[in-house]
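Working notes, beginning with the structure itself.
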Amino acid sequence: MSKKSNAPTTPQANQDVCIVKHWLDAPKIDENTLVDDLTRHFYYTLGRDKVGESHLYLYNALALTIRDRLVARCRATRQHLRSKKTRKAAYLSLEFLMGRALGNALLNLDLTDSSRNALQQYCTSLEQVQEAEHDAGLGNGGLGRLAACFLDSCATLGLPVLGYGIRYEYGMFNQIIDHGNQIEQPDNWLREGHPWELSAPEQAVRVKFFGHIETHKDKDGREHRVWANTQDVLAVPYDVPIPGYRNEVVNTLRLWKSEATDEFDLSEFNAGSYSEAVAKKNLAEQITMVLYPNDSSENGKELRLRQQYFLSSASLQDILLTWVNQNGHNFKDFAEHHVFQLNDTHPSIAVAELMRLLIDEYELEWDEAWVITTKTMAYTNHTLLPEALERWSVPLFEKLLPRLLEIIYEINARFLSLVARQWPGDVDMQRTLSIIEEGPVQHIRMAYLAIVGSFSVNGVAALHTDLLERGLFKDFYALWPEKFNNKTNGVTPRRWLAQCNPSLSELITEYIGPNWVRHFDQISQLRRYFDDEVFQEKWRNVKQDNKARLAGFVRAKTGVEFDETMMFDVQVKRIHEYKRQLLNILHVIHLYDRIVRGDIKDFVPRCVLLGGKAAPGYYMAKKIIKLINSVADVVNSDERTNGLLRVAFLPNYNVSAMELICPATDLSEQISTAGKEASGTGNMKFMMNGAITIGTLDGANIEIRDAVGSENFFLFGAQSEQVSAIRAAYNPNQLIAQDENLNRVMALLESGHFNLFEQGLFDDIISAIRSPNDPWIVAYDFASYVEQQQQAALTYLDKNVWTRMSILNTAASGEFSSDRTIQQYSDEIWRLSPM
Ligand SMILES: *Cc1c(COP(=O)(O)O)cnc(C)c1O
């Protein structure tokens, strides 16, 4: 039983006295020092003397060399943060899809060239060394990658923002394609070490689970609820430095690892049950063992709830401890100095946990604690898909987090009395808005908890926020319109242009100077050159080189030969029915059908690339992967398609793959059913790199089209307001019968042409397309999709027109920098000042 003024304190920083001051200075950044440090780390820290066939040790030596430089700046940044005056934000996310760190650190510290030179004495290229780094895949897709882009932008804008996440032992699975099927392999990304992180075991905190609630009276006769007999888990922080772009700022991403507490082991051990002690240790360490590989769908597993609470509790304790060390138990100004951004509902239990910590551990009254909570919590919604809305069963909560359940009940009771005052006598409204969903088993609606407990609720693109206000959360919007706001997503132009597309980056700098990397709105200056033939020629050459680079990658990974003189048509993202990879492959079948029937008069040769992971339990998504691979096999082995059509499914799509893909893409496929993709960020990476979008009016596509102009965007498909009416009277079989193209495509598919030796393999896909209940209205959008695809193809034939459009897309991508997004978060939600 832990109680009262035991509110833990970390040792004060008086050991600073003993610190040898000159070590606090950043190591020099000049090339000679870099070479010396690289050599020292290679020979001594790592104990190596030859490069060997793997470049792993050289990579590690270079990473440590760079880390030395980051650590010094990180310390300075942290000292600044520690100062009482600085208001800071904590970004809480179950996912950070970081990708590789080396290239980004080199770019941001301006050490790329000197590192390249330093590696010369090892007869190695920087590219080879970078290849040795494991891609850090602590996220599923867009949501996790957004968190990573945000960290880069926060550091670049000099904003005091701490990232908090989980240090999963196993990240996003590696995807292998075997006979066209997805196989998942564990991603043991830490096996060869992670040179960027620094652990701080002395700052570990305890997280409670299970147990029960007791009522204790203190000496003044006041009652306290006590969460007793808990099974505690230790949360140990691992800090990853996040460098800003050439500004000396280095923020921190703090990732928590779960470990067994010592005494927990000892008590068992003393009782003579060694194996039980070890078993419990394993149980504790399970919490951060693996990332759940579900994208846009809830999981409902107990271990997932444990992860969510573990992250939320550890991160809040960390911040409260720092506060108490500086301010004692005076929380009067706490809310003036802190804000917590919840990346979707995954960490929304933080609302109740902050209440618990303030009341139980720091003895605040309910009302005081509630004011602090609702002044510091801010919630970002990422999806309207009902299957993604998190609901946890009350019995599970009662068992795992009994004290949190009590607090949620109290929050709900007070909230429902507000609802009763707002809508007197409207019992329906109380049931509709209740945080507790009634039913055979009660459930906690985590999104509602997040809304009630936050001062800000934001969507991630204009349409998405609009749909939140008018649909999913309309009653909350009626109650608290001032809470709702939009923050259209963005991506960092450092990783997604400067770093992944060095040739284009150089060309842009040649024409408009180097400041666009930091001030990305300046990218609009490219507009001046869209008609300049010399510039166009250079632009095309860069794209050509990038396409050759990608073709090599595709050949190495799939054996499929892409011809870089053909149009590169690309759709890479998680496989989901709402993203409609199926629509894309139906179009591929249509192109194949045209070739086979000899309709190739104005056929524009293209290479179609698809890639993405399916959640391991998502049956239809896995079928779609199999279909793509089957169609690719048939198309690529039919001689009639030579020089006209190539199709490949790229296995294991991840951040590093996207860094090769988006610079080489001509046509970006953003074809979700309107109203389903909250924002998308892949669409922005492609646009920045001069791809032209074929897309629906969905998510940020709408804003992309507004920015670049409708003449530079291939629009098709139903609009979101139309979708429900279309569904109400949906007759796909009639649409198929009436559309010659679609009819032929379905006939090919149904004839078993793509599954000659596996009868019935695609029956479920066929039924889904033909179902009057198809929520994704694939058949409805097919005709307009094919029409716009042909439009895109014909446009591509005119190299000059296409190049103009390409340049204009990059030039109009300024507002899709995550620097813009983060500036808005800072101005409108966080109210931070740059350091
Ligand atoms: C950008 C990115 C995503 C998000 O792509 P969407 O097209 O917006 O779904 C997913 N995965 C990776 C690896 C990415 O880089």
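Each ligand, and each atom within it, is numbered from 1 in the order the structure gives.
If you take NZ on Lys557 and CG on Leu660, they are separated by 9.5 Å, rounding to the nearest 0.5 Å. Between the CD atom in Gln670 and the CG atom in Asp698 there is a gap of 10.0 Å [rounded to 0.5 Å].
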What does the contact table look like for ligand 1 (nitrogen or oxygen on each side, cut-off under 3.5 Å)?
unit_1	atom_1	unit_2	atom_2	d
ligand 1	7 (O)	Lys573	NZ	2.8
ligand 1	8 (O)	Thr681	N	2.8
ligand 1	8 (O)	Gly682	N	3.0
ligand 1	9 (O)	Lys579	NZ	2.7
ligand 1	15 (O)	Lys685	NZ	2.6

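Geometrically, Arg254 does not engage Tyr164 in a cation-pi contact defined by less than 6.0 Å to the ring centre and at most 45° from the axis.
Scored by the side chain to side chain contact (heavy atoms under 4.5 Å, CB included) test, Ala450 finds Ser348, Tyr379 as partners (sequence neighbours excluded).
Side-chain contact annotation: Asn489 with Lys487, donor-acceptor N/O pair under 3.5 Å absent. In summary, the side chains of Asn501 and Asn546 do present a donor paired with an acceptor at a separation below 3.5 Å, with no hydrogens or angles considered.
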